[in-house]
Amino acid sequence: MASRRYPPSGVRRHRERGAGKRLEVGDTPQGVLLRPAPAFTPTRPEDVLGLLPHGGEPKTLEEMDAGVLAEARRRIARD
């Protein structure tokens, strides 16, 4: 792999990253590794379960499956 030297602004231009883009910095035996930082922190289902209000009886798995299928069909029909 060819090695190139860029100033920070050159790296942003070369990688098409705008100023202010968040990066993760890692230290490797070969040098510094820069990766785009995730837009959101990792979330587990148990962290968000029950956060949205819901009125009425809970849905069964069959009702949820039917709702997902109906929405998929609606989206396919509009496209």
Side-chain angles (χ1 to χ4, degrees):
M1 178 199 282
S3 177
R4 296 182 183 178
R5 295 177 187 256
Y6 295 105
S9 61
V11 172
R12 286 194 306 268
R13 245 188 327 276
H14 180 69
R15 295 291 178 182
E16 298 178 0
R17 306 273 189 252
K21 177 80 174 178
R22 295 185 56 214
L23 299 173
E24 289 182 344
V25 180
D27 191 17
T28 71
Q30 293 80 26
V32 175
L33 174 65
L34 299 174
R35 291 183 295 231
F40 302 100
T41 58
T43 306
R44 301 171 303 162
E46 54 268 22
D47 294 335
V48 295
L49 189 63
L51 290 179
L52 295 176
H54 173 72
E57 292 293 313
K59 303 291 184 198
T60 65
L61 290 176
E62 292 78 17
E63 290 170 322
M64 287 188 272
D65 285 343
V68 169
L69 181 59
E71 178 62 14
R73 287 182 175 150
R74 185 187 71 78
R75 290 182 184 198
I76 289 170
R78 80 167 182 217
D79 294 336

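All residue numbers refer to positions in the sequence shown, counting from 1.
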Legend entry - Within 6.0 angstrom of Leu52 CG, more than 12 heavy atoms from elsewhere: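 At most 12 heavy atoms, drawn from other residues, nucleotides or ligands, come within 6.0 Å of this atom.
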Legend entry - Neighbour count above 12 (heavy atom, 6.0 Å) for Arg73 CZ: no
Inset, instruction - To the nearest 0.5 Å, tell me how far Arg74 CZ sits from Arg78 CZ. - result: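 Answer for the CZ-CZ pair, Arg74 versus Arg78, is 5.5 Å.
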Legend entry - Approximate separation, where rounding is to 0.5 Å, of Ile76 CD1 and Glu71 CD: 10.5 Å
Inset, instruction - Looking only at non-hydrogen atoms, find the nearest pair between Pro38 and Arg22 and report the distance. - result: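 Shortest heavy-atom separation between Pro38 and Arg22 comes out as O-NH1, 4.3 Å.
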Inset, instruction - Establish whether Leu61 and Val68 are linked, either directly or via other cluster members, by ILVMFWY side-chain heavy-atom contacts under 4.5 Å. - result: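 They do not share one cluster, since no chain of ILVMFWY contacts under 4.5 Å joins Leu61 to Val68.
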Legend entry - side-chain contact (heavy atoms from CB on, under 4.5 Å) between Val25 and Leu34, worked out: CA-CA 5 Å; Val25 180; Leu34 299 174; 3.6 Å; yes
